Every structure is written in C-alpha cells, then in structure tokens.
Amino acid sequence: MASVFAGGSGAGAVTGGSPRASARRGRGGRAPGRGTGRRGGLGTAVVALTTSALFAAALPASPAAAADPAPRIDLKVLVVDDGGSAVAAVTSELRGTGVPYRLLDLADPDRPRIDAAFLSDTVAGRPRAKYQGVVLPNEAPFGQGSAGAAEQAALVAYEQRFGVRQVDAYTWAHPGVGLDYTSEGGWSGTLDGADAEVTAAGRSGPFGYLDGALTFEDNAPSISESYGYLARPREGFTSYVDAPVPGGEGRGSLLGEYAHDGRRELVVTFAYNQHQRQFRLLARGIVEWLTQGVHLGQNRNYFSVHVDDVFASDARWDTERNCTPGDIDCVGGAGEQVPDIRMTAADAQYAAQWQDTSGLTLDMVYNAGAAEEWKAENGGTDALTTRLLADRSQYRWVNHTWSHPFLGCVQDVSVVPWQCSKDPSGATRWMSRAEISAQIRDNHDWAVDKGLPVDRTELVTGEHSG
C-alpha cells in the first residue's frame, strides 16, 4: 500500500574523505553539510510489549554474547543529534509513533560521553542493552580526535555485542558505507521529481507496505528541494530504494542496509526533512528496520477529505488579506458586502464522477440549515441539494450543525479579532445548552428524513478550526 504526506537535507560535510557533522540548516536539500529542514508518522505498525528474553531471541547472536545469559534489551532508541533535518525527521517519526528515545545533542558541551557504561550495564546478573537501536547523523559523527574515536569504538562494540542496529540518517556514497564512490558509475545532484523505486528486497522487508513507486517532491522548479547520491552497492550492501543513474547505466541506491563487521547500518544517501513526501513514505519502514519490528508505540495513518460546510455559501477567500471577506475576523469588518459563492449541481455531479475514478470517498460535512435557507430564497428549489441527495449513498456524511454557529461563548463581533461577550457583572456569556442541542439535533433529524447515512455519535462543530 502506498502512502501520502510529506522532507531536505542533513548530515556531514566531506573533509579528507569522511563526513563531518554540521548543524547548518537551510531550505533546500543540498550536499551533506548544507541542511534543509524544519524540525518537528503509513499503515498499521507493530505494537509490542515484549519480555527481554523474547526480544533477545530475535536478535542475531554474536560470539561474544554466546557465553552470556540472554541479554535484556530496553525498548528505547538512542538518537545522536547534529541539529540537521535528517535526524530531526527520524526523531519526529519516533515521537509521533510513540517509540521512546533519548536525544544526545552533539553541540552540547556538557552532554554525556558515549562509552560502555553509557550504553550497557548488568541487571540481576544479566547484561542489559540500554538502547534497542541507534540513530546517527551519519556513519561517523563524533569527529576525528581521540575522544571521538573512543565514542565511535564504544558504539561499534555495543552494536556488535547486542545485535543493535544503526541508522545513518544522511551521508554520502563511499566504500565506508558499502557503496562505490559516485565517480565510479554513480551520480550526485538534485533529486527533485526523480522516479525512485522500492526494490524487491525493500518490499519483502521493512518497506513491504509500499507498492514500489516513489517519486521525489518537486514543488518549486526554481528551488532545489532534495539533494542525493546514487551509487552501486558493494559486497554486504542490500539496496531497499534505488533510482536510475542519470546519464549512466543501471540503477544506484538511495537507501539500503550495509551488513559488515557483525553490525547492520541503514544507509540513507538523500537529503530530506520530516515534511517531504519521500520521507513520509519511508518513515515507518525506517523505524521498523531499526527496531526489528519490536517496539513500543503505534504508527497510525489517516487519509480522508472533508468537504466542509456542504450546502452553505460564503465569500471567496481573499489571498491578500488571508481571510474571508465579511467574516468577523477579516479586516474590513463583518459588515463588508461581497458576493457569495456556492457549489453548483455541476460541481456535485463532478465530485461523484471523481470519486468513481479516484477510489477515494469524500466526507460531506453538512449544514442542512443552509440548504433550507437557499431553497426558501430561491422559489423553493435547490439544484445543488437535489443532486447531492441523489448521490447520497456515494458519500460519507457528518453532522456539522444546522447553521454553523460557534458553540462556545457568545461572540462580541464589534472588535477584530472578536472576543467573548460579558454580562453586566463581567462574567462570560455562553451559548445555552438548549441552543447547542437544537443545532445538533435538527441537523441530524434533517439528514435522517432525507435518507442520508449518518451516525448520531459523529459531530464536527461549527467554527472549530484554529
């Protein structure tokens, strides 16, 4: 199953052939070191509370661990953050899914140093891995000095001992991550609009919820939105997402697994942020791969289209003022007179035809009072309502109250923005329970009378948006 949603750049610049962590952020995806990104979750993911013994059994054994008691693996992810958008994107997926994680800020001089004691200990005679997975900005983010080398070595030993996996959130293509250099038949550049593909290995593995096709966003032709590297896999590398090499032969990997030295790394060689479609499509699989399908939390994804205020009319949105003329919060005041627009019967007919071809059912969030008002003002007929009722069974219908009032305090619209009105004692005046009940009841009863398939327990209140 494919998904929707929406990702720029990230990790380290290249110095002497190895990445260097960078905290720079920008708008468009570029080569590592020129990050995009705004900081900040498809299908149903695994929800698991498991005993440590069960989880340990799922992990690959290593010679060093064979003589130890079955280890305890805590269901928490370690995230090493360089301030770039790639790590922020993976972190947003962990947070949105509900997977526990600990964030370690590389820019914090007072952060704890990664060593054996930081990563593991012993509980009741059993070795304990404190983290079930590790997210890094790139494959070697700790710097070139002895302190950085010691942290890197501690992490490698930890992953080897406990079979813990590592995500390299964004890096360049080179043999250190199991890929040829781009000069050896690969390519690097802007990926906007690129047609990538989830490989057979990806579809049979952590990305099995996708049907294979994956097109990179290209929202603004004049702006580079995502940069990346396409390269041929070397021994030990399994590509999960690839794309044709522009101007070359064959395909190059954009995301894949590198198994080496008793460890497994998920190597991502394209830039992204948490909002871009390509990341949103792959986010669930990244977490599933990292946690080996055993984690706390749940990935939920909802996709529906609410057609709001069905039967009602309103002024056309003013793009200059960013408001609806005549509304109480629009500059010019509630008394501003502008012509209203409303769906037509032809619009409704087209909506039904569009549903047939798209396979997507619309949610009609309706205000029946507006239909009755229109009919009363137009000789007792309303072609729009007649058309929508004729196609009633093709849609989902949701109660949106009879006439779309604000179901909170009584609004004082003499000021912009409006305020809650007060009584003589200064107390807030509220819409009565009887009025609220009537708005809900009358709209529901009208729908039942017209044969609409409505659920009495469902309601979208009027004036509810932010």
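All of these numbers come straight from a predicted model, not from anything done at the bench. Side chains are part of it too, since the values below use all heavy atoms of this structure and drop only hydrogens, waters and symmetry mates.
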Requested in this report: Report yes if the side chains of Thr361 and Gln394 come closer than 4.5 Å at any heavy-atom pair, otherwise no.
Outcome: no
Query raised in the report: Where do Asp82 and Val87 land on the side chain to side chain contact (heavy atoms under 4.5 Å, CB included) test, with the steps shown first?
Result: CA-CA 7 Å; Asp82 70 338; Val87 172; 3.9 Å; yes
**Report entry** Flag for Tyr240-Glu257: side-chain donor and acceptor within less than 3.5 Å
**Finding:** yes
**Report entry** Test item: Glu151 side-chain N/O and Ile114 main-chain N/O as donor-acceptor pair under 3.5 Å
**Finding:** yes
Query raised in the report: Among side-chain atoms of Thr182 and Ser188, is any donor-acceptor pair under 3.5 angstrom?
Result: no
Report task. Could you go through the side chain to side chain contact (heavy atoms under 4.5 Å, CB included) check for Asp81 and Leu106 one step at a time? Result -> CA-CA 6 Å; Asp81 184 16; Leu106 285 174; over 6 Å; no
Query raised in the report: Do His174 side-chain atoms and Gly176 backbone N/O form a donor-acceptor pair below 3.5 Å?
Result: yes
**Report entry** Side chains of Gln439 and Ser403, donor plus acceptor under 3.5 Å
**Finding:** yes
Report task. With side-chain hydrogen bond (donor to acceptor under 3.5 Å, both in side chains) as the test, would you mind laying out the steps for Glu320 and Asn322 before giving the verdict? Result -> CA-CA 6 Å; Glu320 297 295 326; Asn322 202 32; over 6 Å; no
Query raised in the report: Would you say Asn219 and Glu225 make side-chain contact, with heavy atoms under 4.5 Å?
Result: yes
Report task. Could you give me the CA-CA distance, side-chain angles and deciding distance for Tyr101 and Arg95, then say whether side-chain hydrogen bond (donor to acceptor under 3.5 Å, both in side chains) is met? Result -> CA-CA 8 Å; Tyr101 65 91; Arg95 181 170 56 248; 3.2 Å; yes
Report task. Could you go through the side chain to side chain contact (heavy atoms under 4.5 Å, CB included) check for Arg263 and Val156 one step at a time? Result -> CA-CA 8 Å; Arg263 298 189 299 135; Val156 168; 3.7 Å; yes
Report task. Classify the side-chain pair Thr291/Gln132 by whether it contains a donor and acceptor separated by less than 3.5 Å. Result -> no
Query raised in the report: Taking C-beta and beyond as the side chain, do Val79 and Leu94 meet within less than 4.5 Å on heavy atoms?
Result: yes
Query raised in the report: What are the two closest non-hydrogen atoms of Thr238 and Ala201, and how far apart are they?
Result: CG2-CB, 3.7 Å
Query raised in the report: Looking only at side chains, do Asp347 and Gln349 share a donor and an acceptor under 3.5 Å apart?
Result: no
Requested in this report: Please step through salt bridge (Lys or Arg N to Asp or Glu O under 4.0 Å) for the pair Asp105 and Arg111, ending with a clear verdict.
Outcome: CA-CA 7 Å; Asp105 185 355; Arg111 69 170 176 86; over 6 Å; no
Query raised in the report: Quick one: do the His444 and Glu458 side chains pair a donor with an acceptor below 3.5 Å?
Result: no
Report summary line: CD of Glu197 to CG of Asp211, rounded to nearest 0.5 Å, is 8.0 Å
Query raised in the report: Are Arg232 and Glu249 close enough for a salt bridge, meaning some N to O gap below 4.0 Å?
Result: no
Query raised in the report: Which value, rounded to the nearest 0.5 Å, describes the distance between His404 atom NE2 and Thr461 atom OG1?
Result: 8.5 Å
Query raised in the report: Considering only heavy atoms from C-beta outward, does the side chain of Glu159 approach that of Arg165 to under 4.5 Å?
Result: no
Requested in this report: Look up atom OG1 in Thr269 and atom OH in Tyr227, then write down how far apart they are to the nearest 0.5 Å.
Outcome: 11.0 Å
Query raised in the report: So, for Asp180 and Ala173, which heavy atoms are closest and what is the spacing to 0.1 Å?
Result: O-CB, 3.7 Å
Query - Main-chain N/O of Ile440 paired with Asn399 side-chain donor or acceptor, under 3.5 Å - result: yes
Query raised in the report: Could you give the distance from CG (Leu452) to OH (Tyr366), rounded to the nearest 0.5 Å?
Result: 6.5 Å
Query raised in the report: Gln274 and Ala88: which non-hydrogen atoms are nearest, and at how many Å?
Result: OE1-O, 4.3 Å
Requested in this report: Check step by step if salt bridge (Lys or Arg N to Asp or Glu O under 4.0 Å) holds for Asp318 and Arg316.
Outcome: CA-CA 6 Å; Asp318 189 315; Arg316 188 181 300 276; over 6 Å; no
Query raised in the report: Less than 4.5 Å apart, any side-chain heavy atom of Leu388 and any of Tyr395?
Result: yes
Report task. Give a yes-or-no answer on whether the side chains of Asp192 and Thr190 include a donor-acceptor pair shorter than 3.5 Å. Result -> no
Query raised in the report: Do Leu210 and Leu282 come within less than 4.5 Å of each other through their side chains, counting heavy atoms only?
Result: yes
Report task. Determine whether more than 12 heavy atoms belonging to other residues, nucleotides or ligands lie under 6.0 Å from atom CZ of Arg456. Result -> no
Query - ring-ring contact (aromatic ring centres under 6.0 Å, His included) partner of Phe270, the single match among Trp172, Phe216, Tyr170 - result: Phe216
Query raised in the report: Is the shortest heavy-atom distance from the side chain of Leu78 to the side chain of Leu119 under 4.5 Å?
Result: yes
Query raised in the report: If you measure from NZ on Lys130 to OH on Tyr158, what distance do you get to the nearest 0.5 Å?
Result: 9.0 Å
**Report entry** Separation of Arg342 CZ from Ser313 OG (nearest 0.5 Å)
**Finding:** 6.5 Å
Query raised in the report: Does any donor atom in the side chain of Asn443 or His400 lie under 3.5 Å from an acceptor atom in the other side chain?
Result: no
Query raised in the report: Can you tell me if Thr97 uses its side chain to pair, donor with acceptor, with the backbone of Val99 under 3.5 Å?
Result: no
Query raised in the report: Considering all heavy atoms of both residues, which atom of Tyr272 and which atom of Val90 are nearest to each other, and what is their separation?
Result: OH-CG2, 3.8 Å
Query - Stepwise side-chain hydrogen bond (donor to acceptor under 3.5 Å, both in side chains) check, Glu139 with Thr171 - result: CA-CA 7 Å; Glu139 72 281 3; Thr171 190; 2.7 Å; yes
Report task. Compute whether any side-chain donor of one residue and acceptor of the other, for His260 and Glu235, lie under 3.5 angstrom apart. Result -> no
Report summary line: Residues Val460 and Val398: closest non-hydrogen pair is CG2-CG1, 3.7 Å
Query - Gln166 side-chain N/O to Glu265 backbone N/O, donor-acceptor pair under 3.5 Å - result: no
**Report entry** Any donor-acceptor N or O pair under 3.5 Å, side chains Glu93, Asn299
**Finding:** yes
Query raised in the report: When you check the side-chain N and O atoms of Asp242 and Thr199, is any donor under 3.5 Å from an acceptor?
Result: no
Query raised in the report: Does Phe207 have its ring centroid less than 6.0 Å away from the ring centroid of Trp289?
Result: no
Query raised in the report: After noting the C-alpha distance and the side-chain angles of Val267 and Leu255, does the key distance pass the side chain to side chain contact (heavy atoms under 4.5 Å, CB included) rule?
Result: CA-CA 6 Å; Val267 179; Leu255 181 153; over 6 Å; no
Requested in this report: From the options Pro244, Pro246, Ser253, select the one residue that forms a side chain to side chain contact (heavy atoms under 4.5 Å, CB included) with Leu230.
Outcome: Pro246
Query - Heavy-atom side-chain contact between Ser85 and Phe279 under 4.5 Å - result: no
Report summary line: What one should report as the nearest heavy-atom pair of Leu179 and Pro233 is CD2-CA, 3.8 Å
Query raised in the report: Can we call the ring centroids of Tyr131 and Phe118 under 6.0 Å apart?
Result: yes
